[in-house]
Amino acid sequence: MQAMGENGQLTPSQTSRILRELNHLPNKKLGQNFLVDSNIVRKSLELANVEEGDLVVEVGPGLGTLTGALLERGAKVFAVEIDPNLYEYLSKEFSENENLNLLNADAVKNPTGNLDVKKFPEFKVVANLPYSISTPWLDAVLSGENIPKSMTLMLQKEAASRFVAKEGSKDYSPISIFLGEAYCERAFHKVSASCFHPRPAVDSVLVSLEKKPNAFAFLPKTKALIRSVFSKRRKQLGSIAKSLPAEREILEEWLGKNPSLSPSARPETVPPDLWRALNSTVERHLQ
Ligand code: SAM
């Protein structure tokens, strides 16, 4: 095992030393800003309420500081890391720990690593996400056969604001709708750049989301349609319908059947229940 800091996590100097020993320069494109603050690691585990025997998916374990803390709590960790050098390092460091299942792959294509979510539907996600994949990864995980019962995620502030935005706000987007209908927000904490090595140039937040008892999943076709509608977010719904010939019939039926929906409204003002009504219209058309 790696030489850990006071509370079991990697300190800034240990992180620098390991990177030096590995001759590894943090890769900016892969969002390699490693956590070096044990309080944030502890806070993540606390928010996720990690208990012995929990199945936890971790995206981008990096040098394993969060991974080590999850394993110490007795969780079974399914981690997916794209960087072959870090994967190799982690495989050696944690070779004796049977509770770690490590996959060297792209988390967008393998959003829950090696965890078979069909067989094990009760799982959590705890991750300091590489910021460039947060939306596609989230989309992929929400499209899975079973979705996590909670997600505790370190995110770029802008992405986090989009994820939890409500109708009427400029941040309201398709992912706010898909996520908001399936999860409720439990916590939203700003995290200082000094908690990472190297320091990121953007602001970070730690967000905790809990699956709603009646979590709603949109059909893939509705999701694609909502995305097309939002790609014209400055336009009015009536003219958007006319500009999408393949979807015009569905959109006009949706507009006609929902009196609270004005053809002059813009996508960002439409509340989630009306997007759900669009899902019902799409469903009828698929039958
Ligand atoms: N969990 C570590 C920590 O908290 O210190 C590292 C977090 S760092 C922000 C993001 C990690 O995600 C890096 O290890 C990076 O190599 C990995 N990563 C980047 N893109 C990825 C992808 N598409 N799939 C899987 N891992 C990825």
Side-chain angles (χ1 to χ4, degrees), residues 2 4-5 7-19 22 24-45 47-48 50 56-73 75 77-91 93-94 100-115 124-141 144 151-157 159-160 189 191-207:
Q2 54 204 354
M4 294 281 193
N7 302 303
Q9 285 84 54
L10 291 171
T11 62
S13 59
Q14 287 165 338
T15 300
S16 303
R17 181 180 52 74
I18 295 169
L19 290 172
L22 292 175
H24 184 91
L25 278 179
N27 183 325
K28 234 180 169 177
K29 272 198 189 147
L30 294 181
Q32 290 180 352
N33 302 95
F34 303 101
L35 260 177
V36 290
D37 186 305
S38 56
N39 288 325
I40 299 296
V41 174
R42 211 175 24 241
K43 183 87 193 161
S44 305
L45 266 65
L47 286 173
V50 176
V56 178
V57 169
E58 187 192 1
V59 177
L63 296 174
T65 194
L66 203 47
T67 324
L70 288 165
L71 291 168
E72 253 173 47
R73 280 275 179 107
V77 181
F78 293 79
V80 47
E81 171 59 61
I82 202 168
D83 187 317
N85 297 331
L86 300 185
Y87 168 81
E88 200 182 320
Y89 167 75
L90 289 169
S91 306
E93 283 303 311
F94 292 99
L100 175 64
N101 183 309
L102 200 56
L103 176 68
N104 183 203
D106 180 355
V108 177
K109 294 189 184 127
N110 301 267
T112 51
N114 274 331
L115 178 67
K124 299 175 178 176
V125 175
V126 180
N128 172 12
L129 278 180
Y131 295 163
S132 62
I133 66 157
S134 55
T135 303
W137 171 79
L138 198 52
D139 239 346
V141 89
M151 294 192 271
T152 304
L153 307 172
M154 184 72 76
L155 296 162
Q156 184 175 346
K157 192 167 157 247
H189 295 290
V191 177
S192 158
S194 64
C195 298
F196 305 89
H197 174 87
R199 293 168 72 110
V202 295
D203 291 330
S204 304
V205 289
L206 185 59
V207 175

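Quick caveat: nothing in here was measured; it's all calculated off a predicted structure. Order of appearance sets the numbers: ligands from 1, and atoms from 1 within every ligand.
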ask   = What residues come within 4.0 Å of ligand 1, counting heavy atoms only?
value = Leu30, Gly31, Gln32, Asn33, Phe34, Leu35, Glu58, Gly60, Pro61, Gly62, Thr65, Val80, Glu81, Ile82, Asp83, Leu86, Ala105, Asp106, Ala107, Asn128, Pro130, Ile133

query = Do side-chain atoms of Thr65 reach the backbone of Leu10 as a donor and acceptor pair under 3.5 angstrom?
reply = yes

inquiry  = Is it the case that the side chain of Glu58 and the backbone of Val126 share a donor-acceptor pair, with hydrogens and angles ignored and the cut-off at 3.5 Å?
reply    = no

message = Would you compute the distance between atom CE of Met154 and atom CZ of Phe196 and round it to the nearest 0.5 angstrom?
response = 4.0 Å

request  = Mark yes or no for whether Gln32, through its side chain, and Pro26, through its backbone, hold a donor-acceptor pair below 3.5 Å.
outcome  = no

message = Test your reading of the model: is there a side-chain donor-acceptor pair from Asn33 to the backbone of His197, 3.5 Å cut-off?
response = no

task = Verify, without hydrogens or angle tests, whether Asn128 (side chain) and Leu153 (backbone) share a donor-acceptor contact under 3.5 angstrom.
result = no

